[in-house]
J.: 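Provided herewith is a single structure, encoded as structure tokens, for subsequent inquiry.
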Amino acid sequence: RPNIPVDQHIAAARKLDPDLPEAFVAEYLTLPISAYDERLRLIERASARHPDNPGILAIPAEFLLLVGRQREAIDAARRAFELDPLTPGFGNNLIQTLAYAGRTEMAAEELKRAEQRWPGTLTLRDARFRFHLRYGDPREALRIVQTEGISPEFEEFLVARIDPTPSNIERAVNAVRRRGTSSGKSTNDLAQLLAALGREDEIYELIMGWKRTDQAGTMSGMLFRPTLRGFRSDPRFIRVADHLGLVAHWRNSRKWPDFCSETDLGYDCRAEAARLGSPPIR
């Protein structure tokens, strides 16, 4: 029925079945992205009731990437796909999770298998484009843009990946800046482009210039992608994470991101967070 708030639909569904899996998914999607603690509690409740439901498993696969817990995200995405290997969406989710977690070769292998399973599907085209856009063959991504009209805003970026001359790079940066950075998506695109160019100081200024709002949560997942590895190696990264509300979540959950355990990081995440002095927000 139209014009009925989603929360009322969720409440009505739970009267019929208090543990309906789809109600958990709907509730998760209505929560602000930056409500990390609340989203995690909902995931834990849903997973306890439906440990083998692929739709429920897809939720932590997405959430854990946002807070830097890539290994667990991969496990959840892979388990969801294993439980329902016939649904292209779960295969796409596994490919994307592997790529965003820095497992590029594994993502490429899964993409090849997907091309055999679901040739010609829109889901496969989306998976292929997302992979090649940043991690695979930029020429293939550019072909998709030019022949199928998908995401034309990335054309300058892909040209710069193929031929990274100073002029192509500046055109790519300017193209993103022209779209503005008032949205999380545009900020993500610009930050990843600047990271690929080694311009970490500009990323720091870009993100710290954002007001701490719910929309800022849309940037958190980008911070843990392979392109931002150099950015994470700077202790200032913890200030960025704190600005986006992540440090409080890590303290509250007692689950710190994977990169904090890397032996070559060069600093201690918890020690840097302690210097900030911001308490948990439980």
Side-chain angles (χ1 to χ4, degrees), residues 7 24-25 27-48 56 58-76 97 100-102 181-185 187-188 190-192 195 200-201 203-262 265-282:
D7 59 344
F24 283 110
V25 175
E27 184 178 354
Y28 174 82
L29 294 174
T30 61
L31 291 172
I33 293 178
S34 57
Y36 304 113
D37 291 354
E38 191 174 355
R39 293 179 111 198
L40 179 59
R41 286 193 291 269
L42 180 62
I43 287 169
E44 290 171 342
R45 283 171 46 215
S47 298
I56 294 296
I59 297 177
E62 184 266 348
F63 173 80
L64 293 167
L65 285 176
L66 297 179
V67 297
R69 294 162 61 183
Q70 288 95 333
R71 288 189 293 269
E72 294 169 88
I74 291 172
D75 290 344
T97 301
Y100 288 168
T181 55
S182 58
S183 73
K185 181 180 184 302
T187 302
N188 282 347
L190 182 56
Q192 291 184 88
E200 277 79 13
D201 285 345
I203 304 173
Y204 183 81
E205 294 172 4
L206 175 69
I207 298 177
M208 295 302 286
W210 267 63
K211 293 181 179 179
R212 186 166 168 174
T213 64
D214 289 339
Q215 194 177 24
T218 61
M219 291 186 286
S220 63
M222 169 271 300
L223 297 175
F224 306 103
R225 295 181 186 176
T227 317
L228 276 288
R229 180 179 174 84
F231 186 57
R232 292 193 297 274
S233 67
D234 187 323
R236 289 184 302 172
F237 179 83
I238 299 300
R239 291 189 176 275
V240 169
D242 185 57
H243 181 62
L244 298 180
L246 285 165
V247 170
H249 169 69
W250 295 335
R251 285 170 164 163
N252 287 338
S253 65
R254 296 180 175 82
K255 298 285 188 179
W256 289 76
D258 292 353
F259 84 93
C260 289
S261 62
E262 294 173 356
L265 180 60
Y267 65 89
D268 184 294
C269 290
R270 292 169 180 78
E272 291 299 322
R275 291 190 181 93
L276 299 176
S278 55
I281 57 174
R282 192 183 292 281

J.: Take Val240 and Ile203 through the test side chain to side chain contact (heavy atoms under 4.5 Å, CB included) and record every step on the way to the result.
T.: CA-CA 10 Å; Val240 169; Ile203 304 173; over 6 Å; no
J.: If you take all heavy atoms of His249 and Asp37, which pair is closest and at what distance?
T.: ND1-OD1, 2.6 Å
J.: Restricting to side chain to side chain contact (heavy atoms under 4.5 Å, CB included), what partner residues turn up for Cys260, sequence neighbours left out?
T.: Trp256, Pro257, Cys269
J.: Of all heavy-atom pairs between Ile238 and Val247, which one has the smallest distance, and what is that distance?
T.: O-CG2, 3.7 Å
J.: What I'd like to find out is whether the side chain of Tyr36 reaches to under 4.5 Å of the side chain of Trp250, using heavy atoms alone.
T.: no
J.: So, using side-chain hydrogen bond (donor to acceptor under 3.5 Å, both in side chains) as the criterion, who are the partners of Asp75 when residues are at least two apart?
T.: none
J.: Identify, with sequence neighbours excluded, every residue that meets side chain to side chain contact (heavy atoms under 4.5 Å, CB included) alongside Gln70.
T.: Leu65, Ala101, Phe224, Asp258
J.: Please name all residues satisfying side chain to side chain contact (heavy atoms under 4.5 Å, CB included) with Leu31, sequence neighbours left out, ordered by chain then number.
T.: Glu38, Arg39, Leu42
J.: My understanding is that only residues two or more places apart in sequence, or in another chain, count here; which of them pass ring-ring contact (aromatic ring centres under 6.0 Å, His included) with Tyr100?
T.: none
J.: Would you call Arg275-Asp242 a salt bridge at under 4.0 Å N-O?
T.: no
J.: Phe259: what forms a ring-ring contact (aromatic ring centres under 6.0 Å, His included) with it, not counting sequence neighbours?
T.: Phe237
J.: The test is side chain to side chain contact (heavy atoms under 4.5 Å, CB included); show your working for Ile43 and Glu62 and say whether it passes.
T.: CA-CA 11 Å; Ile43 287 169; Glu62 184 266 348; over 6 Å; no
